[in-house]
Amino acid sequence: MSEFLAMGGYGAYVWSSYAIFAVVLAIDYIAPRLHRRRVLAELRGRIKRQQKRTETPT
Amino acid sequence: MTTASASRACAALLRRDLLLTWRRRGDALSPVLFAIMIVMLFPLALGPEPNQLARIAAGIVFVAMLLAGLLALDTLFRADYDDGALEQLVLSPHPLAMLLGCKILVHWLTTALPLLVAAPLLAEMLHLPRQVLPVLLGALALATPLLSLLGAVCVALTVGMRRSGMLLALLVLPLYVPVLIFAAGACDAAQAGLPFTAPLLWLGAALAMALVLAPMACAAALRISIS
Amino acid sequence: MTTASASRACAALLRRDLLLTWRRRGDALSPVLFAIMIVMLFPLALGPEPNQLARIAAGIVFVAMLLAGLLALDTLFRADYDDGALEQLVLSPHPLAMLLGCKILVHWLTTALPLLVAAPLLAEMLHLPRQVLPVLLGALALATPLLSLLGAVCVALTVGMRRSGMLLALLVLPLYVPVLIFAAGACDAAQAGLPFTAPLLWLGAALAMALVLAPMACAAALRISIS
Amino acid sequence: MNTLTLWFHKIGSPPTFYRLAGRFTPWLFALAALTGLVGLYGGLVLAPADYQQSDAYRIIFIHVPSAWMSLFIYFVMAVNAFIALVWRIKLSETLAMCCAPIGAAFTAITLATGSIWGKPMWGTWWTWDARLTSELVLLFLYVGVIGLYHAIEDRRQAARAASFLALVGIVNVPIVHFSVKWWNTLHQGSTVRLLGPSAIDASMLWPLLLMALATKLWFLGSLFARARASLLELEAGKDWAREEALRTGAAP
Amino acid sequence: MAALPSHDAPPLLHARGLAFARNDEPVFGPLDFTLHAGEVVLIEGDNGAGKTTLLKVLSGLLEPASGEILLDGEPLTLARLSHKVALLGHLPGLKGDLTPLENLRFATGLFGSRPGTDATAALAEVGLEGYEDVPTRQLSAGQKKRVTLARLLLVPAMLWLLDEPYANLDRGGIDLVNRLLDAHAARGGAALVTSHGAYAFTSGAPRRLPIRPVAA
Amino acid sequence: MAALPSHDAPPLLHARGLAFARNDEPVFGPLDFTLHAGEVVLIEGDNGAGKTTLLKVLSGLLEPASGEILLDGEPLTLARLSHKVALLGHLPGLKGDLTPLENLRFATGLFGSRPGTDATAALAEVGLEGYEDVPTRQLSAGQKKRVTLARLLLVPAMLWLLDEPYANLDRGGIDLVNRLLDAHAARGGAALVTSHGAYAFTSGAPRRLPIRPVAA
Ligand code: HEM
Ligand SMILES: Nc1ncnc2c1ncn2[C@@H]1O[C@H](COP(=O)(O)OP(=O)(O)OP(=O)(O)O)[C@@H](O)[C@H]1O
Ligand SMILES: Nc1ncnc2c1ncn2[C@@H]1O[C@H](COP(=O)(O)OP(=O)(O)OP(=O)(O)O)[C@@H](O)[C@H]1O
Ligand SMILES: [Mg+2]
Ligand SMILES: [Mg+2]
C-alpha cells in the first residue's frame, strides 16, 4: 500500500495533481447548487414583497 | 431637405475628432510620455549594463508600446459615451461601421503615430543595434494599426460600463499576444541575422483582414453594448 | 440631534467601500490578472530562456506591480467624483484627511493585497531564484502601501479632469521611481548574495512618513481640485 | 414548421429544458463518477509503470482528458454563442454562458497538473513554449468571457456581448491544438489518434479513453445543473419559476 | 398655429402592440398609437412609469420585447436607422471642449441640415447670442439645454422625441420650447414630448398619451 | 405651517458683501442677505444667472471672491465645515451598486442622524416603499431624486441648500418637496431653494431672492 502511495518516488507530484483535480471538480459540483438555492431564495423574497405591496395599499 | 452624404458625415466626424485632440493637445502626447517612462523604468529596475539591455531592447519597446496603446484605448469611445454623443452617432443615418472606422483612424493618428515617431529614440535609449531599427519600425507600423483595430472591438463591448479599464485589459491582451509574438519574432530574427520577412508578411495579412472586418465587428459589438 | 462621531464615520466609510468592492468582486481580481498578463508579455517578447528571465525576473515583477497599481489608482476617487459622493465627503463635519486615509486603506486592501498574494506565483513563472523570494515579498509589502499613498495624492490632484488617466501616469511615475529603485535594489543585492537590509529600511522609513503626511496632502489636493 | 424544428422549440423552451435537465443531471453525474472510478483504477493500479517516466506518467490520466475538455468546451461554447447571436435563442445564450466556468475549471486543471508534471519531467514548473502559453491565453479568454458576462447588468445583453467575445476568441483553439506541430516545443506531440494506431500501450490507452468519457459526462452534468440555475434567474418573472420557488420553499 | 392633422395621409409613426421588458419583466405594457404629421403629443406618467424607456425604444436604441414600430409606413430596423427621427435625451451629447457653434456644425455634418437654416442664426434664436465662442463646458445647465434645442432646429428630422425638454429651463426657455414645437408642427413635423405636466403647450391643449407601469 | 421667523435671534445664515468671480470675471455681484430659522427662501434667476454657483459658495465648496458667510454667527471656514449645512446639488451622490437603504445608512454614518428618524421610514415617506433592495442604478431619474430627499430627512443639518429639487419629479413629488420644506421650517430649520419659478410653495408666498448675472 505505501508503495502504491509512494508512486516510485513521484507520490507528491501525482497525488497533488489528483487532489487538485478532485477539489476543482468538487467546487464545480457545488457551485451551481448554491447558485440555484440563492436564486430560489431571492425569488421567494420577491414574491413575498409583492404580496405585501398588493395587500397593504388597498 | 438635404440629407448628409456619407462622405460629408465622415469628414465632419474626422474634423471634430481632430479638433478635439487639438484642443487637448497635451493629452495627445501622453501615450508617448508613458511609453518613454516604461522604457526608462527598466534600466532602473534591471541595472544599466548596455549588453543586457540591448538583448532585450526590442521586446521592451514592444511591451511599452502595447501598454501605452492599451491605456489610450479607453479614451476611444469613453467621452462620446458619457456625454451622449455616441447615441447620436448610432442614430445617424449612415453605416455605423464606416463612422467607427473614422474614429479608429483618428485614434491611431493621434496615439499610435506619435509612438512610431518616438520609437527610434526609445530604441536608442536601450542600445538597440542600429541594423535592427528598420525592422522594428516596420513591425511597429504594421502592428500598431492592428492593435488599434482589435482593441476597438473590445472597447466597444465594454463601453457601457463604469470602471471598465481592467476588464478591457483582460479582454484585449489575449488578442494582442499573437501580434506581439510575430512582431517580436521579426526583430529577434533580424538581431540574430536571420530572415525576418515571414513574420512581417503575416502581420500584413492580419492587418488587411482586420481593416475590413474590425469596423464591422466593432459596430455589432457597440450595438449590443449600448442597447 | 446626534452628530456622528469620527469613528462611526470611518466605520461607515470602510463598510460602504468594502461592500462596493464585494458587489463588484470580479473587478477586485483585475489588477492581479493584469499583472499576470504583463508578466506573460515579457517572455513572449524577449524569448523564453530561463536564465535570462531569471536575471530580470524581480525587475519585471516590480514593473508589473507598479503598472497594475497605477491602473487601479484611477478608480480611487473617480466613481465618487462622478456621482457627487466626493462632494458629500468633503462637506462632512469630519477631518477630510482621516476619511481619505480610510479610502486609501480600502484601496490598498482590495488592489495591492491580492497582488502580494500572487507575487510568489509570478516569481515562479519567471524562474526567480528561491532565496530571493522572501526579499521580494518584503520589498513589496513595504512598497505597495507607499505607492498607494503617493498615488492617492496625485489622484486627488487630477480627480476633476476628464481623461486624466495618462496625466495621472505622468504625475505618479516620477514619484514611484525612487521606490522602484530601492525595492529593486534590495532584490538585486539578495540575488547577488550581498546584504539587502539597508534599502528595505529606507523603504520602511519612507512608508512611516507617508502614512502621516500623505492623507493630509491628499486632503489639501482634493480641496483644490474640486473647487 | 416541420416536426424537427417543432421538437427543437419544445425542448428549447426554458421550463421544459429545466424539467428535463433536472431529471438527467443526477444520472450524468453518477455515470461520470462510475466511469471515472473504473478509469482511475485502471490507470493507477492496473497499468504498469512507464519505462522512461516510472510512475510520474500517471498524471496523464487527468492531464490529458482535462486538456481535451478545455478545448472541446470552448468549441461547444462558441457554437452556442453563434446560435445565440444569429437566432437569439435564449437557451443557447444560457448554455454558452454556462460553458465558460466549466471550461475555465478544466483549463485550470490542465495548467496545474501540466506544471506539476513538468517539474519532474522537464525540471521546471513553467516554460514559455507555444502550447503552454496558448493554453494560458485560453484561460484568459474564459475568464474574459465570464468577466464580461458579469459586468453587464441586463442578463440577455450580457450573454450576447460575452458570446460575441467567445466567438472572436475561437481562433485560439486551433493554435493550442496545433502548437506542437507548428513550433518545436518541449511539450509532447500527439500520441493518441482516433484513426490509425496510437503510440501508446493498450493497457494505458483504455483507462485514458475511459477518463475522457468520464469528463465528457461530467461536463454535461455540470452544464445542465448550471443551466437550470441560470434559467431560473433569467425567467424569474415567469410563472413556472415562481411555482418552482414556492415548491422548493414548501419542502425545506 | 399647428396645421390641422390630416388623418387620410399615412401616419408618420405607428406603434402596434409595442411593449418593452427588462430581464423579462415588462416595463410598459402593449401600447398602440399613431402620430400624424402636424401633431404634438405629450407623454404623461409618474416617476418610473417608463417614459424615458419608451422614447429610447421609439428611436431604435432599445429593442422592443414585442410589437412593431412603423415610420412613414416602413418598419424601423436597428441595422439602418432613418434620418427621420431626432432624439433629445437626458444626456446632451455636446462636447465640452468645443464651442456651441462647432458642436452644431458637427451635427449638421452627421445628420444633414434643413434647408434655409444656419448655425449662427439658430444659436441666436435660442437666446445664446454672444456665446458662440465659449467652450460648452462653461455653460450653465440651462444654457447647455438651449444648445441642444438649436441642434433640433438645424437637423432635417421630421419626428422629434424630446425627453423632459423643459427641465432646467427658465420661463423664457419654456416659451421658447413651445414656440419651437408649434413651428415644427406647422411645417408638417411631429413630436413626442415627455414632461411632468406642469407646462401647457401654448396653442391649445395637446393630445396626451398616459403610460403606466405594468403591475408586475 | 412654517413657524414665524423670530427676528431677534441671531440669523442662521448671514452673507455680507458676498461675491464670486471666475478668473477675475464676476459671476454674481455682492449680495447681502440673512436667513432666519424657520424661513424658506427661493433663489430666482434666469439660466446662467449663477444660482448653482451661489449654493456651492454657501456650502463652502467654492471660495468667495469677497465678502463673508456667517453660520449661526460663526464664519464658515473651508478647513472644517460644519454639520449644519446639507447640499442637494445636480449630482445625487448615490452609489448605483448599493441599494437605497445602504446609501442612506452610509449618509447617516457620515453625517449623523436626526433623532427619531429611521432609514426605512424615510424611504417610505418619499414613496419608495418596496424599492429598499433594488440597486439604485436601476431607479428612474425621479426615483433617484426621491432617494436624495430621503437623505435630507435623515441628516441633522439645519440649513438646506437645494439646487432645483423639483426637476425630474412628478406632481406627487413636487407636493412631497413642499411638505418636506414646510415640516423642516416648522421644526426650526431653514432652506435656500433654486427653482425656475413654476412651482409655488404650499404655505403662502415664500421670500424671493433674485440674482442677476453681473454685466461683464
Ligand atoms: C503547464 C504545462 C502544460 C500544459 C498547459 C499542457 C497542455 C496540454 C494541452 C492543451 C493538451 C491537449 C492538446 C490537444 O488536445 O490538442 C495536452 C496534451 C498532452 N500533454 Fe500536456 N501540458 C502541459 C504539460 C505537460 C507535461 C509536463 C507533459 C509530459 C511530460 C504533458 C504531456 C501531455 C500529453 C502526453 C498529451 C496528450 C497529447 C495527445 O495525445 O494529443 N503535458 N497538454
Ligand atoms: N438600467 C435599468 N435597469 C433596470 N431597471 C431600470 C433601468 N432603468 C430604469 N429602470 C426601471 O424602469 C422603470 C422605468 O424607468 P424610466 O427611466 O423609463 O422612467 P421614467 O418614466 O423616465 O421616470 P422619470 O420621470 O423618473 O424620469 C423604472 O421603474 C426604473 O426603476
Ligand atoms: N466651470 C465653469 N467655468 C466657467 N464658467 C462657468 C462654469 N460653470 C458655469 N459657468 C458660467 O457661470 C455662470 C453661472 O452659472 P450657474 O451654473 O451658476 O448658473 P445657474 O443660475 O445655475 O443656471 P441654470 O439655471 O441654467 O442652471 C454662467 O454664465 C455659466 O456660463
Ligand atoms: Mg425619465
Ligand atoms: Mg444650475
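Nothing here was measured: the structure is a model prediction, and the numbers come from that model. Residue numbering restarts at 1 for every chain, and letters A, B, ... go by the order of the sequence lines.
No more than 12 heavy atoms of other residues, nucleotides or ligands sit less than 6.0 Å from atom CD of E:Glu129. Within 6.0 Å of the NZ atom in E:Lys56, the count of heavy atoms belonging to other residues, nucleotides or ligands does not exceed 12. Around CZ of F:Phe20, the count of heavy atoms belonging to other residues, nucleotides or ligands within 6.0 Å exceeds 12.
Summarising the geometry of F:Asn47 relative to E:Asp170, their closest heavy-atom pair is N-OD2, 2.9 Å, with the distance given to 0.1 Å. Between F:Ser140 and E:Gly48, the shortest heavy-atom contact is OG-N, 3.1 Å.
With a 4.5 angstrom heavy-atom cutoff, F:Arg146 touches chain E only via side-chain atoms. Residue contact with chain F, scored on non-hydrogen atoms closer than 4.5 Å, involves the side chain of E:Glu164 exclusively.
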